[in-house]
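This report refers to the structure that appears directly beneath it.
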Amino acid sequence: MRKTLSCDFFDRPTLVVARAMLGKYLVRKYRGKTISLMITEVEAYDGPLDRASHASHGRTPRTKIMFDPAGRFYVYFTYGMHWLVNIVTGPEDYPAAVLIRAGKYYDAEKRELVLVNGPARLTKFLKITGAQNGKIARKKTELWFEYRGVRINRRNIIASKRIGVDYASPIWRNKLCRFYLTT
DNA sequence: CAGACGATTGCCT
DNA sequence: GGCAATCGTCTGT
């Protein structure tokens, strides 16, 4: 069973989308080959008031994508060397997105599950760069999401604080916007 | 236009 | 645990 997720999937409250993304697949077509990961960890950045979000300082050349309609990728460059990928959520003009932090895949040769953890390692694995910024998630753009029949029990989702946002005020720094699957 | 710093990673002690 | 790498983005002058 393979069903491509439409923009509607992401046009819902950001925290709802974030949880729902666990167990879905991020699929990439690159140089004729298809690479995919089952998403295992995400973080939500929700709205103009979220002090941990890039959008908390308003619309800028970089963050304007976060104000776009749901279902586009927000890819940005950080620390002078890393790309990080988000999917924009919620209605137009409401800045929100879900950062994809980790995923896993089955290595048929080694016959083992391989975890790709860390948002920058994930983009490196899936060959995602600024070229994908602003693109809509669908097959045509060679980067999209699929539901492949994996059902996630709520009990297997852990909520925690987001990583690397200690610069934000306590309310936002401590908000439980990071979700990951138990192993 | 200068300066600070980052939604990170990998290597070192 | 500490810290360097490395440059785009944002802020304040």
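Just so it is clear: chains get the letters A, B, ... in the order the sequence lines come, proteins before strands, and each one is counted from 1.
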Here the residues of residues 46-58 of chain A within 4.0 Å heavy-atom distance, strictly under, of DNA chain C are A:His57

For A:Leu113, I'd like to know if atom CG has over 12 heavy atoms of other residues, nucleotides or ligands within 6.0 Å. yes

Do A:Phe145 and A:Phe10 have side chains that get closer than 4.5 Å, going by heavy atoms?
yes

A:Leu99 atom CG is separated from B:dG6 atom P, nearest whole Å, by 16 Å

5'-most contact on DNA chain B (nearest-nucleotide basis), A:Gly164 vs A:Lys124, goes to A:Gly164

Checking B:dA7, B:dT8, C:dC10 against the side chain of A:Thr60 (C-beta onward), the nearest is C:dC10

Counting only N and O atoms by type, is there a donor-acceptor contact under 3.5 Å from the side chain of A:Thr63 to the main-chain atoms of A:Met66? no

ask   = Near A:Lys175 NZ, under 6.0 Å, is it more than 12 heavy atoms from other residues, nucleotides or ligands?
value = no

Report task. May I ask you to evaluate whether A:Arg101 reaches the phosphate of B:dT8, defined as a side-chain N or O under 4.0 Å from OP1 or OP2? Result -> yes

Stems with DNA chain B, 3 or more Watson-Crick or G-U pairs in a row (under 3.5 Å), are B:1-6 with C:7-12, B:8-12 with C:1-5

| request: Verify side-chain contact (heavy atoms from CB on, under 4.5 Å) between A:Leu49 and A:Trp172, making sure each step is shown before the conclusion. | output: CA-CA 9 Å; A:Leu49 302 179; A:Trp172 298 102; 4.0 Å; yes

Mind checking whether A:Tyr94 and A:Asp46 have side chains closer than 4.5 Å, heavy atoms only?
yes

Under the criterion side-chain contact (heavy atoms from CB on, under 4.5 Å), I'd like the reasoning laid out for A:Gln132 against A:Trp83: C-alpha separation, chi angles, the key distance, then a yes or no. CA-CA 10 Å; A:Gln132 279 71 49; A:Trp83 293 103; over 6 Å; no

A:His82 atom NE2 is separated from C:dA4 atom C1', nearest whole Å, by 11 Å

note: A:Lys64, atom NZ; C:dC10, atom C1'; distance rounded to Å ~ 16 Å

| Is the backbone of A:Asn117 close enough, under 3.5 Å, to the side chain of A:Glu41 for a donor and an acceptor to pair up by distance? | no

When rounded to whole Å, the CH2 to P distance for the pair A:Trp83 and C:dG8 reads 9 Å

Should the ring pair A:Tyr74 and A:His54 be called parallel, tilted or perpendicular, given that the plane angle runs from 0 to 90° and is split at 30 and 60? perpendicular

Residues in residues 72-81 of chain A with a heavy atom under 4.0 Å of DNA chain C, by number, are A:Phe77, A:Tyr79, A:Gly80, A:Met81

Atom CD of A:Glu43 and atom P of B:dT8 are separated, to the nearest Å, by 7 Å

Residues A:Asn156, A:Arg151; criterion side-chain contact (heavy atoms from CB on, under 4.5 Å); working and verdict:
CA-CA 10 Å; A:Asn156 294 326; A:Arg151 308 285 297 181; over 6 Å; no

In whole angstroms, the gap separating P of B:dG6 from CD1 of A:Ile163 amounts to 15 Å

Check: So does A:Arg62 get a side-chain nitrogen or oxygen closer than 4.0 Å to the phosphate oxygens (OP1/OP2) of C:dC10?
Finding: yes

Q) Is the distance between the ring centroids of A:Tyr105 and A:Phe125 under 6.0 Å? A) yes

To the nearest angstrom, the CZ-C1' distance between A:Arg121 and B:dA7 comes to 15 Å

note: A:Phe125, atom CZ; B:dT9, atom P; distance rounded to Å ~ 15 Å

- request: Give the C-alpha distance, both sets of side-chain angles, the deciding distance and a yes or no for side-chain contact (heavy atoms from CB on, under 4.5 Å) between A:Tyr76 and A:Ile65.
  value: CA-CA 10 Å; A:Tyr76 71 94; A:Ile65 294 293; over 6 Å; no

